[in-house]
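Notes for the one structure printed next.
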Amino acid sequence: MKKYSIFLLGMLGMFATSCVDDIEPAKPQENPQEPILETGNIVSSTAGALASQSVLTLENYSGDDATIEIMHLGEAKDLPAGATVSYKLQLSNTDDFERSVTLDATAGADNNYYVNAKEWNDAHLTLFGKSPKEKTVYYRVPVYVNFNGSNYRYSGVDYYAASGTLTETCMDSGFVIEDSYYLLGNATTWTLSEAATLATAKFEHDPEVSPYDDPVFVIKFEVTQAVLDANEGGCYWKIAPQSSVENDTWDGVLGTKTDGDTAAKGMLVSTNPQAGKIAEAGKYKMTVNMETMEYTIEKVLQPEYLYTPGDSNGWNQEASAWLQVFKGNKDGKDVEFYYGVSPLKGGFKICAAPKWDNATDYGAVNTDPADKGSLILGQSGANITPPAEGVYWIRVNYETKGYQLTDYVLTPITKVGLIGSFAASGWNDVEMTTADGGATYTADATFNAGEEFKIRFNGSWDLNLGGNLKTPTFDGANIKVETAGTYTVTLKLLGGVPTITMTKK
C-alpha cells in the first residue's frame, strides 16, 4: 500500500492554522481502496464510505442521528497530555473546491470517525440539488489537533489525510422536474392563472426531450424603464412550475433565498422563496437548471440572430437563413462569430433585426462579386453579391464591445453529407440531395437505436452541424437516434436557423 510521510516540526509550530471552514483549495487526487496515510505522529486511514468503491446511497441512512463512517485513527503519539485528534470532511462538486461544504466528523468506538448522514445529505442538496441521479462528489479530509480548548490544523493547510472522489445519491425528497415553468414578476405577470396564457412568460424547452435528460430551461424577456420606475427601481421575479400555475397555488413556487437578490448567478429555493431583482433596463436571458436548481441571468447586448434577406428569399428577413452565434475555442483560440448556411443568388444584405432599418442593416462596400469583404452599416451599404449562384456557408465577424458587424466570408458548399455510426455511413458521408435549389437537403438512412449522426459540408469536419434536431449548431455533439428504423432525414436552411427532421418511412 502506498504511504505518505509528513513529520512533526514541533507541536505548536506544526499547528500553524486554526480550525476554520475557509481552507486553501488544493486539487484532490484519487485514492486507492483502503489507503493508509502515515503522517508522522498521526496515522490515519479511510474507512466506511471513503474506503468503499460502492455508490453511497444516502437514502439508506435514515433518522436524524444516523452517521456515516469515513476515517479510522490508527495512531496518535507524542501529543501533549489531553490533546485529541479530529477530522473534517470537505465536499465539493468540482475538483477545485470553488464551492464546498465542510462537515465535522465525530469520534466513535475503536477510533473510528463519523459524519452525520442528514448533514451530508444537506451538503449534497447544496452542491447538486435534489436530482435522484448519481453524482460524483470530490472530498478531502483535513486533520486537526484539539488542545487547551483550541483546534490546530495538523501539518499545514495543504495536507489532507485523504482526498478523492466517490459516487453518491441523495435521500428521496420527492424531487420532480416538471414539463413547463413560468417566469412570474413585474416583466410578465404576478397572476398565476395568467402566466399560462402568456407566451412571453413560458420558459423554452424542447417538448420532445425529457426534462430529466435535459433539465435546462431558458427564457428571454425585457425589463423596461417604465417597469423599473413603477416598482421602485426593481423588476422582481420568481419561477412557477406548471403544477402551481394549473392549480393556482403558490405552493411549489421557486425564488431566491434573500429578498431583492440581484446576483446574476445563484441557487433557487423552494422553502420560503423570496423574489430576485433586476435593477437595470434591457433585454435579458435567464437560464435555469432544474436538476441542480442553479440559475444565471445575463444581459443580452448582441442580436440573437442575423438575417440574410435577398434575391433567394424574396428580400424577407423572416424567410431568409438566420445566422446563429458561435462562441468557443477553435484551433486553440477563443473565437466569436455568426454563422449559417444558405442558397444565394443575386444580392443580399445582413440585418441585425427582422425589419428594414438603417440602424441595423449592413451591406458591402460595392456590388462586385466577392467571397469576403467589409460590412458597412446603413443606407450606404451595397448589396452583397456572391461570386456565383449556389449554396454558401456564411460567416460574419463582429467586434465584441459594441457588437458592430465588421466583415463577412462566403464558403461555397459543394457537398452536404449525412455521416454517423449507422451502417450505410460508418462515419463516411452519405450524400444529401436537394430538389429546390438548396433550401432543403434530404437523405434516406436506416438506424439502429442509439446510433448517432451529424451533417457536415464539403466532406470536412471544419463545417458541420450537430447537437439536436430542432436547433443544430456548429460543432454540436453527435445526434443520437432513439428509435430504430429507416428515416428520411431533411435539413431545412431557410425561414429560420437550420432544422433537421426525421420522418420514418
Side-chain angles (χ1 to χ4, degrees), residues 129-130 176-209 211 214-305 318 322 325 352-355 470-471 496-497:
K130 297 180 179 180
V176 174
I177 301 179
E178 300 198 20
D179 292 330
S180 299
Y181 290 86
Y182 298 85
L183 181 67
L184 305 177
N186 304 121
T188 54
T189 178
W190 283 110
T191 304
L192 286 164
S193 58
E194 188 178 32
T197 68
L198 295 177
T200 54
K202 187 176 182 179
F203 280 79
E204 298 172 8
H205 188 272
D206 188 344
E208 297 180 2
V209 178
D214 178 13
V216 177
F217 291 74
V218 177
I219 190 169
K220 302 176 184 73
F221 59 97
E222 184 172 4
V223 176
T224 65
Q225 190 60 49
V227 165
L228 296 178
D229 292 342
N231 295 280
E232 299 180 352
C235 176
Y236 292 85
W237 60 269
K238 289 185 179 182
I239 296 173
Q242 182 175 332
S243 59
S244 296
V245 170
E246 290 177 347
N247 298 321
D248 198 19
T249 175
W250 285 87
D251 292 341
V253 169
L254 306 169
T256 55
K257 187 175 181 180
T258 57
D259 193 43
D261 190 343
T262 58
K265 294 183 179 181
M267 298 287 291
L268 296 174
V269 298
S270 56
T271 303
N272 191 27
Q274 302 298 306
K277 184 175 79 170
I278 297 172
E280 293 183 6
K283 295 182 179 179
Y284 288 87
K285 175 182 177 182
M286 178 184 287
T287 304
V288 181
N289 186 320
M290 288 301 177
E291 179 180 327
T292 63
M293 304 300 284
E294 295 175 289
Y295 72 85
T296 60
I297 301 173
E298 55 182 313
K299 198 171 186 179
V300 180
L301 300 176
Q302 69 186 112
E304 183 175 10
Y305 302 113
E318 297 283 358
W322 302 5
V325 177
K355 60 181 179 179
K470 187 177 180 180
T471 55
V497 298

side-chain contact (heavy atoms from CB on, under 4.5 Å) between V216 and V218, worked out: CA-CA 7 Å; V216 177; V218 177; 4.2 Å; yes

Criterion side-chain contact (heavy atoms from CB on, under 4.5 Å) on Y295 and T287, from CA distance to verdict: CA-CA 6 Å; Y295 72 85; T287 304; over 6 Å; no

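Residues Y305 and V497 have side chains in contact (heavy-atom distance under 4.5 Å, counting atoms from C-beta outward). Using a 4.5 Å heavy-atom threshold, the side chains of M286 and I239 count as touching. At a threshold of 4.5 Å between non-hydrogen side-chain atoms, the residues Q274 and T258 do not count as touching.
Judged by distance alone, the side chain of E178 and the main-chain N or O of S243 form a donor-acceptor pair under 3.5 Å. The backbone N or O of D251 lies less than 3.5 Å from a partner atom in the side chain of T249, making a donor-acceptor pair. Under the 3.5 Å distance criterion, the side-chain polar atoms of K299 are matched with a main-chain donor or acceptor of A281. No side-chain donor-acceptor contact under 3.5 Å links K285 to the backbone of V300.
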Contacts table for residues 224-237: side-chain donor-acceptor under 3.5 angstrom, sequence neighbours left out:
residue: T224; atom: OG1; partner: V227; partner atom: N; Å: 3.2
residue: Q225; atom: NE2; partner: D229; partner atom: OD1; Å: 3.0
residue: N231; atom: OD1; partner: N186; partner atom: ND2; Å: 3.1
residue: N231; atom: ND2; partner: V227; partner atom: O; Å: 2.8

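Distance check, rounded to the nearest 0.5 Å: CD of Q242 to OH of Y182 gives 5.5 Å. E298 CD to K220 NZ: the interatomic distance, rounded to the nearest 0.5 Å, is 9.5 Å. To the nearest 0.5 Å, the span separating CG on D214 from CD on E208 amounts to 12.5 Å. Interatomic distance, N272 CG to K257 NZ, rounded to the nearest 0.5 Å: 10.5 Å. Separation of atoms CG (L192) and NZ (K238) is listed at 10.0 Å; rounding is to 0.5 Å. With rounding to the nearest 0.5 angstrom, the CD atom of E204 is 12.0 Å from the OG atom of S180.
Remark: E280 CD is loosely packed, at most 12 non-hydrogen atoms of other residues, nucleotides or ligands lying under 6.0 Å away.
Minimum interatomic distance between V325 and Q302 (heavy atoms only, all atoms of both residues): CG2-NE2, 3.6 Å. In terms of heavy-atom proximity, F221 sits nearest to A187 at CD1-CB, 4.1 Å. The shortest heavy-atom contact between L183 and T188 is O-OG1, 2.6 Å. Residues S270 and L254 come closest through the heavy atom pair CB-CD2, 3.7 Å. Closest approach of I177 and P211 over heavy atoms only: CG2-CB, 3.4 Å. Taking each heavy atom of V245 and A240 in turn, the nearest pair found is CG2-CB, 3.9 Å.
Side chain to side chain, E194 and T189 meet the donor-acceptor criterion of an N or O pair below 3.5 Å.
Ring geometry for H205 against F217 counts as parallel: the plane angle stays under 30°, on a 0 to 90° scale with 60° as the upper cut.
Applying side-chain contact (heavy atoms from CB on, under 4.5 Å) to L268 and the options V253, V288, N289 leaves one that passes, V288.
With sequence neighbours left out, the ring pair (Phe, Tyr, Trp, His ring centres under 6.0 Å) criterion links F203 to no other residue.
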